[in-house]
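What follows is a short report on a single structure.
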Amino acid sequence: MTNDKIHAVININDYTLIVFYTNARCWQFRVISPGGDVYGSTGIFYTADAAETAGRDWVGKKG
């Protein structure tokens, strides 16, 4: 059993930002585009806030 958990699901300009935690890769984010494509980073973030900030920056560059 894993301890993976979703921290936040945020809608920004029709993009969905998901911030989540996994035991293997700490905090991460994924972005779902309005068309359903999934994007993310291979970076490891040590806090949920850091992952959310990176995700928001990513959406800001796309949107």
Side-chain angles (χ1 to χ4, degrees):
M1 187 164 177
T2 66
N3 288 328
D4 298 356
K5 63 182 172 181
I6 294 175
H7 174 74
V9 177
I10 303 162
N11 185 283
I12 305 168
N13 297 330
D14 294 328
Y15 287 82
T16 302
L17 169 62
I18 303 169
V19 178
F20 62 95
Y21 179 85
T22 69
N23 286 334
R25 306 234 357 128
C26 294
W27 292 99
Q28 296 197 347
F29 73 89
R30 294 295 181 270
V31 175
I32 303 172
S33 75
D37 296 319
V38 178
Y39 302 96
S41 168
T42 58
I44 294 174
F45 303 94
Y46 294 102
T47 66
D49 289 340
E52 182 177 335
T53 298
R56 286 179 178 275
D57 288 346
W58 191 93
V59 171
K61 291 176 184 166
K62 288 298 222 186

Inset, instruction - Grab the two heavy atoms, one from Asn3 and one from Asn23, that are nearest each other, plus how far apart they are. - result: N-ND2, 3.6 Å
Inset, instruction - Only counting residues at least two apart or in another chain, list the ones meeting ring pair (Phe, Tyr, Trp, His ring centres under 6.0 Å) with Tyr21. - result: Trp27
Legend entry - Co-membership, hydrophobic cluster, residues Tyr39 and Phe29, 4.5 Å side-chain: yes
Legend entry - Linked, directly or transitively: Ile10 and Val31 (ILVMFWY side chains, under 4.5 Å): yes
Legend entry - Smallest separation among heavy atoms of Asn13 and Asn11, with atom names: N-OD1, 4.1 Å
Inset, instruction - Measure the spacing between CG of Asp14 and CD1 of Ile32 and express it to the nearest 0.5 Å. - result: 12.5 Å
Inset, instruction - Indicate, with yes or no, if Tyr15 and Leu17 share a hydrophobic cluster defined by side-chain heavy-atom contacts under 4.5 Å among Ile, Leu, Val, Met, Phe, Trp and Tyr. - result: yes
Which atom pairs, one a donor and one an acceptor, fall under 3.5 Å between side chains of residues 43-55 and the rest of the protein, sequence neighbours left out?
from: Thr47; atom 1: OG1; to: Ala50; atom 2: N; distance (Å): 3.0
from: Glu52; atom 1: OE2; to: Arg56; atom 2: NE; distance (Å): 2.9
from: Glu52; atom 1: OE2; to: Arg56; atom 2: NH2; distance (Å): 3.2
from: Thr53; atom 1: OG1; to: Asp49; atom 2: O; distance (Å): 2.9

Legend entry - Approximate separation, where rounding is to 0.5 Å, of Trp58 CH2 and Ile12 CD1: 11.0 Å
Inset, instruction - Tell me whether Val38 is reachable from Ile6 by hopping between hydrophobic residues (I, L, V, M, F, W, Y) whose side-chain heavy atoms are closer than 4.5 Å. - result: yes
Inset, instruction - Indicate if Val19 and Val59 have the same hydrophobic cluster label, given that clusters are the connected sets of ILVMFWY residues with side-chain heavy-atom separations under 4.5 angstrom. - result: yes
